[in-house]
Amino acid sequence: MSVRWWLWFLLSMVTALVPALVLGAAVTVNLSGEHLENVVAGLFVTFIAWIGLGVWSLGQAKFWRSGALFLLVTLIGVLIAAVGWKV
Amino acid sequence: MKKEQLGLWLQAHRFLGVTLGIVIFATCLTGTAMVFRDELRLWCSPLAQRSAELGERAPEFSNARELEGEELSRVVQSFLAEHPIDQVSRGLILLPDNRDALYELIYQKPQAKSLTRAYIDARDLAYLGESSVQAADFIFAIHANLALRGKLGRTLVGIMGVFMLLLIVTGVLIHRKKIKNLFALRWVGTARRFYTDAHNAMGLWGLPFHFMIAFTGAILGVKSLLVLVPAVAEFRGDVRKAKQELRPPAVQRNGEMATMAPIAQLWQEGMAKLDEEIEQDFVPTMISLDAWGEKPAVMSISGAIPGALLPENEAFSLRLSGVDAKVKDLENGLEGGMFRRGFDALAPLHYGDFSGWSLRILYFLFGISTTILAATGLSIWAQRQSQLKKD
């Protein structure tokens, strides 16, 4: 296993965490009701998004492709979170 | 699917398996043993020794709901006579049940690194003394924390669960459209072929179980890492408030001494309230005494709701003031929303303690299959390495 592959693998998992956390936060601020219920919903979304993006990125031959998707998802997540925050 | 993509998934599967295989194997093996943790606890407890000396089997106990307040009062007095639970922040008393006819006190002495456990025989309320670290606790510590102290071990096990989940997903992606793997186990031929067949068959037959155990284990482990961002979002950036909501602060001692209400009265008031509020059958499994002997003192009665996917000792929790026996609040797990119920279901699903013996035996067998999956995966890699060296 080359050093490049190791770096690519770890970076994939770590970068997958960023959009996942933003998505989790976005889902949470858009929900209403009990605080704890919202936080738990956000936790589930975060976790599933993290694993999903992580697995997807593991199958990408070119890192720039997964990187572009991460940026896109992060942007959408930030927008949803910003709208939710204001509403 | 592109060949290149398949190759990368295979590479990821191999890489994760080789680096984490041994730890996953140890965690699965100890997890399988933990299916019988109650039996192990009983086996290591002084009750088992006493029963052996008396030539009697460990007694059976039906339901703590039938307990008399006076009996519980005598139990608490016996524990108080031997242990300073009126000086520590919290003392937990596990009530006897149909597997374990013991009263068990658990608390942490000031400055002590490990928990103190003491026992009372439910048959005649004889005080049985303390016990140190038990085999069941040691096995559980390896499974849940890799025997490390603090949150580090728990988080590491959670991260390992994430990678185990990735191993399962990449394994499915590599082997999809190969239903014939379900039935292939070639004894004739190379050892590597045998291990590969066993690995594929175990993986496919037990796939829903492997996936469920990795998913629940991973969330239980990494929840402390992931939960803060959604929590902070909900509380508009107020981290302290978010933490308080997630984990309400324990009852704090304030040094103001007070006379405690009789335990029998607290128990009767609590059980009457629970009978009134919880429509389903419920079983009290634990009482906790917080800041006992002082003004903020609280006694909690918590337990299980049979048949519900809720944590064994936290399906409901009723808190009463230790001073005047007034009900402070009641938390009923059955009243939680969809996500809360999903979250509460994680621990019972992971530990398989939401039903009887047949489910535990099934969990044990599937646990063995997950352990074999890890072992055969490592064996395939070892065989491959020796083959590569020969070539």
Side-chain angles (χ1 to χ4, degrees), chain A residues 1-2 4-6 8-10 12-14 16-63 65-66 77-78 80-82 84-87, chain B residues 1-16 18-19 158-159 161-163 165-170 172-173 214-215 218-219 222-237 241-242 244-248 331 335-344 346:
Chain A
M1 220 61 78
S2 65
R4 190 166 163 265
W5 198 90
W6 272 74
W8 169 79
F9 170 75
L10 288 172
S12 299
M13 284 307 294
V14 174
L17 190 58
V18 178
L21 286 172
V22 176
L23 276 176
V27 166
T28 305
V29 292
N30 279 298
L31 289 168
S32 57
E34 289 296 315
H35 288 316
L36 204 58
E37 183 73 21
N38 296 348
V39 172
V40 171
L43 167 72
F44 274 107
V45 171
T46 307
F47 187 76
I48 292 164
W50 185 31
I51 298 293
L53 288 167
V55 172
W56 183 83
S57 70
L58 286 176
Q60 295 308 301
K62 289 190 169 60
F63 187 69
R65 224 183 287 165
S66 53
V78 169
I80 298 171
W85 209 278
K86 282 288 166 195
V87 172
Chain B
M1 191 192 295
K2 281 181 193 170
K3 207 176 171 184
E4 190 185 20
Q5 203 171 35
L6 198 70
L8 280 166
W9 269 318
L10 181 65
Q11 210 174 7
H13 188 79
R14 206 176 276 159
F15 164 66
L16 284 171
V18 170
T19 45
I159 291 171
V162 170
F163 288 129
L165 206 54
L166 290 178
L167 268 168
I168 294 167
V169 175
T170 50
V172 172
L173 290 168
F215 183 81
I219 296 199
V222 298
K223 68 180 180 199
S224 59
L225 283 183
L226 297 181
V227 88
L228 201 61
V229 170
V232 169
E234 178 63 23
F235 294 93
R236 300 289 192 268
K241 200 174 168 193
Q244 270 183 2
E245 181 84 7
L246 278 169
R247 190 179 292 169
E331 202 174 308
E335 288 170 359
M338 185 179 75
F339 285 104
R340 183 70 203 275
R341 289 298 304 274
F343 186 69
D344 283 345
L346 293 174

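Chain A is the first sequence line, chain B the second, and so forth, proteins listed ahead of strands; every chain is numbered from 1.
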Turns out that what part of I219(B) lies under 4.5 Å from chain A's heavy atoms comes down to both
Closest non-hydrogen contact found for A20(A) with T46(A) is CB-O, 3.4 Å
> Tell me, side chain or backbone of V18(B) under 4.5 Å from chain A's heavy atoms, or both, or neither?
Replying inline: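 Neither part.
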Check E37(A) against F339(B) and note the closest heavy-atom contact, atom names and distance.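 Heavy atoms of E37(A) and F339(B) come nearest at OE2-N, 2.6 Å.
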Nearest heavy-atom approach of G42(A) to T28(A) is CA-OG1, 3.3 Å
Applying a strict 4.5 Å limit to non-hydrogen atoms, the region of F44(A) in contact with chain B is side chain
* Pick from R341(B), E234(B), R340(B): which one has the most heavy-atom pairs with chain A under 4.5 Å? ->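 Top count of heavy-atom pairs under 4.5 Å with chain A: E234(B).
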- [ ] For residues L165(B) and A214(B), report the shortest heavy-atom separation together with the two atoms involved.
- [x]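 The pair with the smallest heavy-atom distance is CD1-CB, 3.7 Å.
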